[in-house]
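No hydrogens, no waters, no symmetry mates; every other heavy atom, side chains included, goes into these values. One-based numbering, in listed order, for ligands and for the atoms of each. Everything numeric in this text was worked out from a predicted model, so none of it was measured.
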Amino acid sequence: MPVAMAITLLFAILLAGAFSSAESSYIEYNTTQTIVPGRINVHLVPHSHDDVGWLKTVDQYYFGGNNSIRGACVQNVLDSVISALLDDKNRKFIYVEMAFFQRWWRQQSNAKKIKVKELVNSGQLEFINGAMCMHDEATPHYIDLIDQTTLGHKYIKDEFGQIPRVGWQIDPFGHSAVQAYLLGAEIGFDSLFFARIDYQDRAKRLKEKTLEVVWQGSKSLGSSSQIFTGIFPRHYDPPDGFTFEINDVSPPIQDDVLLFDYNVQERVNEFVAAALAQANVTRTNHIMWAMGTDFRYQYANSWFRQMDKFIHYVNQDGRVNALYSTPSIYTDAKYAANEKWPLKTDDFFPYADKPNAYWTGYFTSRPAFKGYVRVLSAYYLAARQLEFFKGRSTSGPNTDALADALAIAQHHDAVSGTERQHVAADYALRLSIGYVEAEKLVASSLSFLAESRSNTGQGNSVTSFMQCPLLNISFCPPSEVALSDGKSLVVVIYNSLGWKREETIRIPVSTARVIVKDSEGREIESQLLPLSNFTSRIRTHYVKAYLGKTPSETAKYWLAFSVSVPPLGFSTYIVGTAKETEGPSSIISTVDTYKGSKSNTIEVGKGSLKLLYSEDEGKLIRYVNSRNLVTAFAEQSYGYYSGNDGTDKDPQASGAYIFRPNGTFPMKSESQTQLIVVRGAVLDEVHQQLNSWISQVTRVFKGKEHAEVEFNIGPIPVNDGIGKEIITQITTTMKTNRTFYTDSNGRDFIKRIRDFRKDWDLQVNQPVAGNYYPINLGIYLQDNSTELSVLVDRSVGGSSLADGQIELMLHRRLIHDDVRGVGEVLNETVCVPEGCEGLTIQGKFYLRIDPIGEGAKWRRTVGQEIYSPLLLAFSEQDGNDWMSSHVPTFSGIDPSYSLPDNVAIITLQELENGKVLLRLAHLYESGEDKDYSVMASVELKKLFPKKKINKVTEMSLSANQERGEMERRRLAWKVEGTFEEEEEPEVVRGEPLDPSKLVVELAPMEIRTFLIDLDYLQMFGS
Ligand SMILES: [Zn+2]
């Protein structure tokens, strides 16, 4: 027997002897312990990970409904945690998801609220992260991430006066650069913690003690936007044997000498052993145990009782020091240790938890929901602008419900597509309720602004505007009305961007005899395009599914015309009936069908861009831009991966989270592909039916140098017993050396190299799935002379699996669960009374080839236009007096002004207190474009004409503290070994705002947030 063990044994016998003579009585556990220098400090961080919807809806999780699916009730968590904290002032708890906390808080008594506020003020209860939900990091757009974080942080500030210090993204399936620098450092967080990184990356970091790093997520903002980041050694739960929910199997400490199974020393030894094991892979003598996991603390005492005992006995033992802690206390301890930390750049995508388990399927899962979230994100942005122009009113419709619905839709089991079907339906329902209210707000604001010529006051608008949320499937009752004698259709087009736009809009109409006039009464060029069979079919099916009615068959054509819209403003167009006696009406397109019998080349496009198709193969072969002389071989095709069914020796199926292909299949058309080419004055279209469930329309607009591809995919057939994941490939002969670029949440682009990771030597097990990355804005390739860019209208997964080629996954329908918890197959269907069929997706991507160095301008400008499409509202005029009785064009900013091309307004919102929240974003990275990657400036006085700017306060990104205050508090972390030989490239930021000049400077990738006090010298139009 070794000496040490003999001594321990002797000690145990003595202890047992001492206790056996003692009475069993009240033990006062000493839980007061704080950090002890020189000892290993085990920070016990009590937490519950409460998904804002997943297997159950957010409300079901809150009140404990649907418990047959999962026994989870967040109300129980908060009730019991608060009691447990009140029992002992040394106990602590962190709370993360404000969507749940709000539900709880509004039902508490004033007396309870006072007590809870004391817990918050004393630091016993700390809000961590503090957004409405713990958002996904792969599939949301950065504007949505900012909005949902702002909403939660505002709530915490208003109710508790607190500013969360720590990012807590413990569960998302991979981590984005934008999370680190934008939703971390720019928020003012001192640290960020999470659990999930690639298993190969984790193995290396465990070995090298590099789980804790300083992360610089932005090349442009560098060290000015870095954050201390801690990755948990395993997961976001405690070490094995230390979980204490009432049904958990970990042995509790039994310290009553009158009971059997007394185990204090044994449990203390196990605690010390687990602590030392973690200390072995962690720098400094501070380690954190995340004491909790999903929906824990439903009976909080069962956890706190055990932690009280462990802290008491472990500290009596003295080998390590255990304490109640929070991530903030832990962060301060790490900072105080004055260490240098390894530097991390780029991001943590993709994530694999096993060799054949890449979580890259969810980049595309539920593409219709992803599209809906993106559409409403832009609508929310526009609606808040219009509300500001009208003036926020305390009664009447507002955007609050939409804001709330969009916020929880960013949850890591919402827009990610990894929730159960009934939960996805719940998110969509909330969004549609929010939309309906915001739609009323938009309509009333537009009426107010359009009527203000004749109107002296507020609130008595008579013009009613209708909008068409199903316009994408050609359903728009107001534009389809029969335009009878003297009546015509009024189209008001709103532009939420800060620059003037020239674009083509398309609306369905019921007659060919139409003419379009602009606000000056001039007839403008327009074109009628026939509705395709495919469009008619999805129109009928989906209107029935969404609205419960069969649409009338009035729509006969798409009417297309070019519009010009001022910045943050609208223009008006009138669509009327052409009288026989009048001049030419809108021109019906020519339609040619090519059956593929000849080896002809078909050229499409009226302007600089020409697409060349091969008639016999029925496909795109060449891309030519006559202006910049770019010409390239370019093919586009569809194919699918068959989802692995999980029955091989490594049983892992493709599912909602995981992409595990089992072979690739190019899509063969069921008959000879025919091309239908529609040509006219405004645009040309190429219609291709690839098989009975994939078709696409490629559009080339006269004034644009990119191709717009609208794809229709579904219902994906699975009756052969094979799940399918549908992709498109764009293939060129570019030599791209395994390199491609994908965006981070629609913001910075990150360089990707096929089969390569910067942080470790990648062992390639899944050559397809392991090279997939999330795409929110776009993906591009470069060679010596050209760059090929593809932009998307929603988040999708994508890659470049061969040089010169871009691949996007557009839709997936699977028939096996991938065993990551959701317990349901990703098999979306859409039902009408006659039955259900697999979901059909309609979406768009945009394609362009530029000379090298010139692609960024298109990606950034058009990318912003794709995010913020023109908003259309319809009314009717009887007679011919609209233009004389209404304001036909409007701009919310000084009419002589427009924002620089490299800046976007990403928030313009009047808050309840009358202040205005303004966010300006520079759209380019440093070095990205020779003209636009420069300091930009925005004149605030020009943004707010007719108003006096009293005070402008620069805020942190989530607007809960002054920027200057945040910078003063920022911890200055030291980074290992970097920039000692080579200087860090100089980080540039805009100068602080001069209150007299009021010109905001924005450096590349900078976003600046302001609260503005305005005096309303004059309302619009008054
Ligand atoms: Zn979760």
Side-chain angles (χ1 to χ4, degrees), residues 45-62 66 69-74 77-78 94-101 103 127-140 144-145 148-149 152 166-176 179 183 192-197 231-232 234-238 243 245 290-298 327 348-349 351 353 357 359 361-363 365-366 369 373 407-424 426-427 655-658 774 817-824 826:
V45 174
H47 80 107
S48 177
H49 175 65
D50 299 341
D51 289 302
V52 179
W54 180 36
L55 309 179
K56 312 204 289 190
T57 67
V58 54
D59 288 348
Q60 290 165 357
Y61 273 128
Y62 176 69
N66 232 338
I69 293 177
R70 170 91 190 238
C73 171
V74 174
V77 174
L78 286 165
I94 56 171
Y95 204 74
V96 176
E97 297 87 4
M98 288 305 112
F100 284 126
F101 194 85
R103 279 165 169 73
F127 296 112
I128 296 289
N129 226 32
M132 295 297 284
C133 65
M134 185 185 293
H135 49 228
D136 181 39
E137 297 182 37
T139 62
D144 287 326
L145 297 179
Q148 84 98 2
T149 305
V166 172
W168 188 256
Q169 289 285 119
I170 57 177
D171 196 24
F173 328 128
H175 300 280
S176 73
Q179 177 62 40
L183 279 303
L192 168 65
F193 296 95
F194 51 75
R196 296 184 188 272
I197 61 165
I231 302 152
F232 300 146
R234 189 184 64 179
H235 201 50
Y236 54 80
D237 52 359
T243 61
E245 201 71 8
M291 296 301 292
T293 179
D294 299 5
F295 298 100
R296 293 308 197 269
Y297 293 76
Q298 298 198 54
F348 290 93
F349 283 115
Y351 163 59
D353 56 357
W359 297 45
Y362 81 96
F363 300 160
S365 296
R366 299 194 187 280
F369 182 57
V373 169
I408 65 169
Q410 311 307 321
H411 169 58
H412 60 271
D413 294 301
V415 67
S416 59
T418 55
E419 66 280 46
R420 287 210 174 162
Q421 187 58 47
H422 78 106
V423 180
D426 181 76
Y427 292 125
Y657 306 85
I658 287 167
D817 176 46
D818 52 9
V819 209
R820 290 302 181 281
V822 71
E824 204 178 71
L826 183 72

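- Among the backbone and side-chain atoms of D51, an N, O or S atom lies under 2.8 Å from the Zn ion (ligand 1).
- Inclusion of D413 in the first shell of the Zn ion (ligand 1) is not supported: no N, O or S atom falls under 2.8 Å.
- Taking the six-membered ring for Trp, H49 and H235 have ring centres at least 6.0 Å apart.
- Residue side and main chain included, H411 places no N/O/S atom under 2.8 Å of the Zn ion (ligand 1).
- Vertex the Zn ion (ligand 1); arms to H49 atom NE2 and H412 atom NE2; angle 100° (nearest 10°).
- Nearest approach of W54 to R820, heavy atoms of both residues: CZ2-O, 3.9 Å.
- The shortest non-hydrogen separation linking V52 to C133 is CG2-CB, 3.8 Å.
- With 3.5 Å as the limit, one finds no donor-acceptor pair spanning the side chains of H175 and Q169.
- Nearest N/O/S atom of D171 with respect to the Zn ion (ligand 1) is recorded as OD2.
- Counting heavy atoms from C-beta on, the side chains of F295 and V77 never come closer than 4.5 Å.
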